[in-house]
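Read through the structure below, which is laid out as structure tokens, and then see the notes.
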Amino acid sequence: PGMIRAVPPWFPLLAGSVFYAFALVWAAGELPEDRVPLHFDPTGVPTAFGSRAWFLTLGTLFGLLVAGIGAGLYRLVATGSLARVSVPHRDYWTAPQRIGRLRHMLAEDMGRTFGATLFLLTVVPVTAVYATRTDPPRLPVGAVWVVLALLVAGIVGYCVYLARYRYRPA
């Protein structure tokens, strides 16, 4: 009764989805009807433009795709066959007495990975709005490269953690 319960493994995926949806809804009210940047070159200059409706359609479809893949993989590792799932020390983790713990750890990893991906994707509608408010339209290229570098460092660091520490036999 006074203890804080652990966060369910699916919560980061849900939270990332909600943040991304809110970013799209916010962008819908902020973007102009036309000349919305859809793609940028490495210097932050737009290379393709479209309508607000097209931007929001693409953003919605992409968000649903990422959330759907995340939810599908979450369900697979939580309840499906683990025959094709690759983990370090496979024999140890697939022993009957540890399979439940393995499923829980994999589900946490899917929730965290796809939740973080969706959370990061909130940058897309925010930067599109930013770009439409500058003349000529462009992104703050330094900030974009910093975000991308942090993303890559975070992914590499999390993968190293997973491979070297998380799935080590107890």
Side-chain angles (χ1 to χ4, degrees), residues 6-32 35-42 44-88 102-132 137-163 166-167:
V7 174
W10 49 262
F11 184 78
L13 178 58
L14 175 65
S17 299
V18 169
F19 270 96
Y20 183 69
F22 280 146
L24 283 178
V25 169
W26 172 78
E30 299 292 324
L31 289 170
R35 296 226 8 109
V36 175
L38 301 176
H39 187 268
F40 299 87
D41 71 13
V45 175
T47 59
F49 291 88
S51 68
R52 174 179 56 212
W54 184 239
F55 177 87
L56 295 171
T57 299
L58 289 175
T60 300
L61 291 174
F62 192 68
L64 289 171
L65 177 69
V66 172
I69 291 171
L73 287 172
Y74 175 90
R75 181 149 172 84
L76 171 70
V77 299
T79 62
S81 168
L82 298 178
R84 294 183 181 226
V85 175
S86 176
V87 294
L102 174 62
R103 285 185 183 283
H104 184 78
M105 289 168 60
L106 289 168
E108 284 178 332
D109 295 337
M110 291 303 108
R112 289 173 184 162
T113 301
F114 283 91
T117 300
L118 284 159
F119 184 74
L120 181 74
L121 285 175
T122 62
V123 169
V124 174
V126 171
T127 56
V129 169
Y130 176 89
T132 62
R138 71 179 297 128
L139 291 179
V141 72
V144 170
W145 284 110
V146 167
V147 168
L148 288 174
L150 290 173
L151 167 66
V152 170
I155 290 170
V156 169
Y158 193 61
C159 289
V160 168
Y161 161 73
L162 292 176
R166 179 145 167 89
Y167 290 95

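Owing to the predicted nature of the structure, the values given are computational and were not obtained by experimental measurement. The analysis underlying the following values was restricted to heavy atoms, covering all of them including side chains, and did not include hydrogens, waters or symmetry mates.
Of all non-hydrogen atoms in Pro46 and Pro37, the two that sit nearest each other are CB-CB, 4.0 Å. For the pair Arg103 and Leu76, the tightest heavy-atom approach, listed with the atom from each and the gap, is NH1-O, 3.9 Å. In terms of heavy atoms, Thr122 sits closest to Ala23 at CB-CB, 3.9 Å. Residues Leu139 and Ala131 share a closest heavy-atom pair of CD2-CB, 4.1 Å. Residues Ser51 and Val36 approach most closely at C-CG2, 4.0 Å, considering heavy atoms. Between Pro125 and Tyr20, the shortest heavy-atom contact is CD-CE1, 4.4 Å.
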Verdict with reasoning, Val144 to Phe40, per side chain to side chain contact (heavy atoms under 4.5 Å, CB included): CA-CA 11 Å; Val144 170; Phe40 299 87; over 6 Å; no
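Arg166 places no side-chain N or O within 3.5 Å of a backbone atom of Cys159 that could act as its donor or acceptor partner. Checking side-chain atoms of Thr127 against main-chain N and O of Val124 turns up a donor-acceptor pair under 3.5 Å. Checking side-chain atoms of Tyr167 against main-chain N and O of Leu102 turns up no donor-acceptor pair under 3.5 Å.
In this structure, the separation between CG on Leu31 and CG on Leu24 is 9.5 Å, given to the nearest 0.5 Å. To the nearest 0.5 Å, the span separating CH2 on Trp10 from CZ on Arg112 amounts to 14.5 Å. Separation of atoms OG1 (Thr113) and OH (Tyr158) is listed at 5.0 Å; rounding is to 0.5 Å. Atoms CG and CG, on Leu120 and Leu148 in that order, are 7.5 Å from each other to the nearest 0.5 Å. Residue Leu162 holds its CG atom at 5.0 Å from CG of Asp109, rounded to the nearest 0.5 Å. Rounding to the nearest 0.5 Å places CG of Leu61 at 11.0 Å from CG of Leu56.
Environment of CH2 in Trp145: sparse, with no more than 12 heavy atoms of neighbouring residues, nucleotides or ligands closer than 6.0 Å.
In this structure Phe19 satisfies the ring pair (Phe, Tyr, Trp, His ring centres under 6.0 Å) test together with Phe119, sequence neighbours excluded.
In this structure, Arg35 forms a cation-pi arrangement with Phe49, its terminal cationic atom sitting closer than 6.0 Å to the ring centre and no more than 45° off the ring axis.
Side-chain contact between Val77 and Leu73 is absent, with no heavy atoms from C-beta onward closer than 4.5 Å.
Between Phe62 and the options Thr57, Leu118, Leu121, a side-chain contact (heavy atoms from CB on, under 4.5 Å) holds for only Leu121.
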